[in-house]
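Data block below; observations after.
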Amino acid sequence: MNALQSLDREKLPKHVAIIMDGNGRWAKERGEDRVYGHHEGVISVREIVNGCAEAGIQYLTLYAFSTENWNRPQEEVNALMELLVNTIRKEADELNKNNVKMHVIGDFETLPAICQKELNEAIELTAANTGLNLILALSYSSRWEITEATKKIAEDVAAGKLKTEDINDTLFHQYLNTAKFPDPELMIRTSGEHRISNFLLYQLAYAELYFTNVHWPEFRKQNLYEALLNYQARERRFGKTSEQIQTKTAQHA
Ligand code: IPE
Ligand code: IPE
Ligand code: MG
């Protein structure tokens with residue numbers, strides 16, 4: 001039985017978030033330049049989007065370019081932006097056929113105009129789809145997002161649209177880029193680094209974290225399903241005791 005068949009469909013995360021890391025190292029190990037790794041990484045994106053759809057995941061967030069990634073050598077940044085434009089152009093119809101709905105989170109205005117145009121077209125094309133929600137984090141950082149949310153809340157309080165005492169966790173969520181999406185239950189990072197790198201700091205509060213040494217260009221459906229199986233074997237306690245969780249599970253069985 002393969003890992004997909006072993007999955008408990010009742011216990012799937014609704015939302016999986018992935019830090020797609022290791023493209024550069026993977027390419028270097030093969031004597032290639034970093035950009036080659038980014039190109040190969042697109043194959044993994046296609047594979048994992050399909051894998052999530054097949055497993056029945058509803059939301060997939062992919063960290064594709066961070067605010068800090070703007071500080072990379074200009075040639076690499078240019079290559080990544082070009083790859084983004086070409087990939088969206090090539091894949092939009094296929095995504096649409098597969099009923100995928102596209103979204104973007106991040107500081108959209110900082111992306112080159114051509115990227116914004118391609119992304120807007122793909123978002124519009126797939127707007128009515130009802131399958132997997134594919135959320136691309138582009139020019140995204142969580143501290144930026146939280147700071148922006150805080151500014152908007154302060155403006156709304158100053159304008160009298162909001163009272164300070166109304167500010168709570170639910171309201172704060174509504175001011176984040178991810179307002180329309182549930183929090184990820186599972187966050188995967190490839191390529192062996194055990195850090196969050198400014199990704200969804202607020203939303204990952206109770207996410208299960210899964211780290212694998214596999215570099216992103218080699219990450220395949222099987223690896224995704226192994227991560228999902230690992231997730232399903234965990235006990236999520238949300239601050240409670242194990243006994244409380246088990247009693248609740250037994251009551252619902
Ligand atoms: C992830 O791979 C892709 C982006 C950050 C855009 P990296 O480019 O970070 O690859 P490594 O981590 O240097 O190997
Ligand atoms: C995080 O990876 C950002 C993306 C995958 C887009 P990085 O490779 O930029 O993270 P650090 O620098 O190793 O923390
Ligand atoms: Mg990296």
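Each ligand, and each atom within it, is numbered from 1 in the order the structure gives.
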I need the nearest protein heavy-atom contact for atom 12 (O) of ligand 2: residue, atom name and distance, please. Arg195 NH2, 4.6 Å
Glu94/Lys97 salt bridge by N-O under 4.0 Å criterion: yes
From Glu29, Arg25, His215 - option closest to atom 14 (O) of ligand 1 by heavy atom: Arg25
Under a 4.0 angstrom heavy-atom cut-off, which atoms of ligand 2 come close to Phe65? 6 (C)
Lys28 and ligand 1 - part of the residue with a heavy-atom distance under 4.0 Å: neither
May I ask whether Ala64 has any heavy atom positioned less than 4.0 angstrom from an atom of ligand 1? yes
Please say whether more than 12 non-hydrogen atoms of neighbouring residues, nucleotides or ligands are located less than 6.0 Å from CD in Glu124. no
N/O/S atom of Glu193 under 2.8 Å from the Mg ion (ligand 3), yes or no? no
Is it true that Lys14 and Glu185 have a side-chain N and a carboxylate O under 4.0 angstrom from each other? no
Any chance you could lay out the ring pair (Phe, Tyr, Trp, His ring centres under 6.0 Å) test for His103 and Tyr59, step after step, and finish with the verdict? CA-CA 10 Å; His103 311 264; Tyr59 299 86; 7.5 Å; no
Can you list the ligand 2 atoms lying under 4.0 Å from a non-hydrogen atom of Arg72? 7 (P), 8 (O), 9 (O)
Just which atoms of ligand 2 are under 4.0 Å from any heavy atom in Asp21? 2 (O), 8 (O)
Answer yes if the ring centres of Phe172 and Tyr202 are under 6.0 angstrom apart, and no otherwise. yes
Looking at ligand 2, would Arg189 count as a contact under a 4.0 Å heavy-atom criterion? yes
Is Glu193 close enough to touch ligand 2? Criterion: a residue heavy atom under 4.0 Å from a ligand atom. no
Ile19 neighbourhood, listing ligand 2 atoms whose heavy-atom distance to it stays under 4.0 Å: 1 (C), 5 (C)
Below 4.0 angstrom, counting only protein heavy atoms, does anything approach atom 10 (O) of ligand 2? yes
Where on Ser66 is there a heavy atom closer than 4.0 Å to ligand 1, on the side chain, on the backbone, on both, or on neither? neither
